[in-house]
Amino acid sequence: MLDPNLLKENIDLLELSLTKRNLKIDISKLEELNEERKSIRFEAEQKRAEQKEIGKLIASASVDEKAKMLEKAASLSEEVKSLFDKVEEKDRRFFDEWIKLPNLISDSSPVGKTDEDNLEIKKVGNIKKIDNPKDHLQIAEKLGLIDVQKAADVSGSRFSYLFGDLVKIEFSLVSWALNKLSDKGFIPTVPPVLVREKALYGTGFFPDDAEQVYQIPNDDLYLVGTSEVPLAALKSDEILSLENLPIRYAGFSTCFRREAGTYGKDTSGIFRVHQFDKVEMFSFCDPEKSIEEHEFILSVEEEILQELEIPYRVVDVCSGDLGASASKKYDIEAWIPSQNTYREVTSCSNTTDYQARRLNIRSKKDGNTQIIHTLNGTAIAVGRILIALIENNQQEDGTVKFSESLSNILGIEKLS
RNA sequence: GGAGGGAUGGCCGAGCGGACGAAGGCGUUAGUCUUGAAAACUAAUGUAUGUAUUCCAUACCGUGGGUUCGAAUCCCACUCCCUCCGCCA
């Protein structure tokens with residue numbers, strides 16, 4: 001959520017940001033709603049003060065005065081009640097709209113409409129020359145490492161069975177990443193993957209992306225699409241001391257996504273599935289240092305891909321392609337030989353104070369509280385990393401062979 | 001799943017219809033004393049909103065509703081925690 005004071009203090013900034021995102025929103029309507037709710041609240045509070053005053057006098061009034069005062073107080077009580085009902089209604093009308101506004105876009109984010117306008121920052125790594133590259137599913141199915149057919153029977157489309165060495169690689173990757181992150185000050189975490197609605201609102205996934213989230217209606221719980229949700233909510237309603245920041249967590253969890261609206265996209269293999277495992281970085285940060293922290297998280301992602309010998313490029317996501325809570329976002333796209341292009345494997349966002357305001361996470365500075373900043377980034381999205389590893393290390397004979405240093409990380413030299 | 005107990009400020013804990021934003025203690029901060037430190041003493045010490053900006057008003061005692069002129073305090077529902085029984089990786 002944005003700071004409602006923007007309406008008073010920096011309406012131009014708000015308008016500029018919305019324009020960059022290609023959104024047309026009637027701000028004057030919002031201003032009006034905001035004014036209405038404020039003035040009615042003021043009126044209600046004045047009446048309430050009056051009511052309290054009389055209430056206090058009643059306690060010590062003489063018997064004959066009392067009856068009269070009680071009468072007056074009763075009618076005031078009615079008035080106050082109806083005024084506060086109005087306040088509630090006006091507040092709701094304003095905040096229902098206000099909460100829908102996406103985060104302010106960073107000055108440094110490129111302006112554009114779709115992912116085609118994303119700005120490539122750099123390309124890293126050597127792309128191996130592979131003649132007639134096979135895709136990861138062709139390779140892994142033949143080697144008995146992935147079964148999507150049977151998974152479709154059991155669970156539906158976009159699910160998979162992973163077998164054998166691929167599973168061993170997954171656990172090696174996760175363990176390796178958690179160790180690396182732990183060394184960099186991230187606290188390894190296994191968070192809950194079922195959360196209440198509140199956590200999803202707090203992180204900005206609700207109301208906008210509600211259709212992407214699996215529900216457990218019997219228990220009013222939701223399956224998270226990323227451990228970002230329980231990690232962010234971990235500090236909700238807390239005031240953190242500034243000298244302890246940044247506080248960093250590395251969360252491992254299974255992630256669940258409905259992938260509504262992606263029918264026909266990436267239907268082959270495990271690139272886009274309903275369930276995958278991921279190690280996620282999350283940082284609670286001093287607002288003055290979130291830009292550096294963002295670069296730091298990106299650098300960790302790059303380090304991981306470099307050590308995994310995956311060619312990649314870094315993309316600065318443009319304004320039109322940015323999620324609601326992000327002020328700035330970098331994606332890293334790995335080279336996928338079978339598609340002859342780069343595809344997203346990690347993403348890191350600076351959500352500035354957008355999530356923290358909803359989650360009410362603050363710190364103290366010079367005696368005043370301030371909303372802190374939160375950031376998140378993918379360390380290892382297991383499925384997609386497996387794809388990149390398989391495809392970039394495939395051999396002509398249909399096997400997969402890893403370099404010595406890569407084998408040391410994965411615990412496996414060859415898939416055959 | 002069954003039976004009982006509980007939730008109050010950074011922490012502990014009192015209050016159980018009006019003088020309560022809340023006693024007392026601990027902690028923290030500042031000061032006095034001291035070469036310095038400790039101890040002792042003194043003082044300060046929640047959050048948010050506002051047409052207030054060193055003053056004032058309003059809200060917040062798990063959450064939401066109700067009773068009442070007035071609720072931390074009474075009633076109802078929910079959430080969470082603890083103890084015992086049952087079941088269970």
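Chain identifiers are assigned alphabetically (A, B, ...) following the order of the sequence lines, protein sequences preceding nucleic acid strands; residue numbering begins at 1 within each chain. Computed from heavy atoms alone, side chains included, the values below leave out hydrogens, waters and symmetry copies. Keep in mind it's a predicted model, so treat the numbers as computed, not measured.
Spacing between B/G6 and B/C16 at atom C1', rounded to whole Å, works out to 15 Å. Using P as the reference atom, B/C74 and B/A7 are 11 Å apart when rounded to the nearest Å. Spacing of P atoms, B/U68 relative to B/G15, comes out at 28 Å, to the nearest Å. Nucleotides B/U47 and B/U83 place their C1' atoms 34 Å apart, quoted to the nearest Å. Separation of the C1' atoms belonging to B/A38 and B/C33 is 12 Å when rounded to the nearest angstrom. For B/A59 and B/G21, the C1' atoms lie 11 Å apart once the distance is rounded to whole Å. Atom name P, nucleotides B/C80 and B/A72: the rounded distance is 25 Å, in whole Å. Taking atom C1' on both B/G66 and B/U73, the two are 15 Å apart, rounded to the nearest angstrom.
Contacts of A/Lys90 classified as salt bridge (charged side-chain N to carboxylate O under 4.0 Å, His left out), with partners at least two apart in sequence or in another chain: A/Glu36.
Per the geometry, CD belonging to A/Glu43 stands 16 Å off P belonging to B/U58, to the nearest Å. Between the CD atom of A/Glu197 and the P atom of B/U79 there is a distance of 15 Å, rounded to whole Å. Taking atom CD on A/Glu238 and atom P on B/C11, their separation rounds to 10 Å, with Å as the unit. Rounded to an integer number of Å, the gap from A/Leu83 CG to B/A59 C1' is 15 Å. Remark: P of B/A57 and CD of A/Glu53 are 9 Å apart, rounded to the nearest angstrom.
Within a 6.0 Å radius of CD in A/Glu53, no more than 12 heavy atoms belonging to other residues, nucleotides or ligands are found. Within 6.0 Å of atom CD in A/Glu78, 12 or fewer heavy atoms from other residues, nucleotides or ligands are found, so the atom counts as exposed in its surroundings. Within a 6.0 Å radius of CG in A/Leu83, other residues, nucleotides and ligands contribute more than 12 heavy atoms. The environment of A/Glu71 atom CD is sparse: at most 12 non-hydrogen atoms of other residues, nucleotides or ligands sit within 6.0 angstrom.
Within 4.0 Å (heavy atoms only), A/Lys52 reaches sugar-phosphate atoms of the nucleic acid but no base atom.
Taking 4.0 angstrom as the limit, A/Arg48 places none of its side-chain polar atoms (N or O) nearer than this to OP1 or OP2 of B/A57.
A salt bridge between A/Lys180 and A/Glu307 is present, with a side-chain N of the basic residue lying under 4.0 Å from a carboxylate O of the acidic one. Taking 4.0 Å as the cut-off between side-chain N and carboxylate O, A/Arg343 and A/Asp266 count as a salt-bridged pair. Of the charged side-chain nitrogens involved, none lies within less than 4.0 Å of a carboxylate oxygen, so that A/Lys113 and A/Asp321 do not count as a salt-bridged pair.
With contacts defined as side-chain heavy-atom distances shorter than 4.5 Å, the pair A/Glu259/A/Arg158 qualifies. At least one side-chain heavy atom of A/Ser175 sits under 4.5 Å from a side-chain heavy atom of A/Asn179.
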Listing time: all N or O pairs from protein to nucleotides 27-29 of chain B that are below 3.5 Å?
none

Between protein and nucleotides 61-69 of chain B, what N or O pairs are separated by less than 3.5 Å?
| unit_1 | atom_1 | unit_2 | atom_2 | d |
| --- | --- | --- | --- | --- |
| B/C69 | O3' | A/Ser77 | OG | 3.4 |

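For A/Thr399 (side chain) and A/Gln395 (main-chain N/O), no donor-acceptor pair under 3.5 Å exists by modelled atom type. Judged purely by atom type and a 3.5 angstrom limit, A/Thr378 has no side-chain atom pairing as donor or acceptor with the backbone of A/Ile380. With hydrogens and angles ignored, the 3.5 Å screen pairs a side-chain donor or acceptor of A/Thr226 with a backbone N or O of A/Glu228. Without hydrogens or angle criteria, A/Gln46 side chain to A/Glu43 main chain gives no donor-acceptor distance under 3.5 Å.
When each of A/Phe296, A/Phe282, A/Phe284 is paired with A/Arg248, the side chain to side chain contact (heavy atoms under 4.5 Å, CB included) condition holds for A/Phe296 and for no other.
A cation-pi arrangement is present between A/Arg384 and A/Phe271, with the terminal nitrogen or guanidinium carbon under 6.0 Å from the aromatic centre and inside a 45° cone about the axis.
Closest contact between the side chain of A/Ser39 and the listed nucleotides B/U51, B/U58, B/U79 involves B/U51.
Scanning residues 96-104 of chain A for heavy-atom distances under 4.0 Å to RNA chain B yields an empty list.
Consecutive Watson-Crick or G-U pairing (both distances under 3.5 Å) extending over three or more pairs maps onto RNA chain B as B:1-7 with B:79-85, B:10-12 with B:24-26, B:27-32 with B:40-45, B:46-50 with B:56-60, B:62-66 with B:74-78.
A/Thr351 and A/Thr374 form a side-chain donor-acceptor contact under 3.5 Å, judged by distance and modelled atom types alone.
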*What one-letter contact string describes nucleotides 44-50 of chain B from 5' to 3', where B marks a base within less than 4.0 Å of any protein heavy atom, S marks contact via sugar-phosphate atoms alone, and - marks no contact?*
--SSS-S
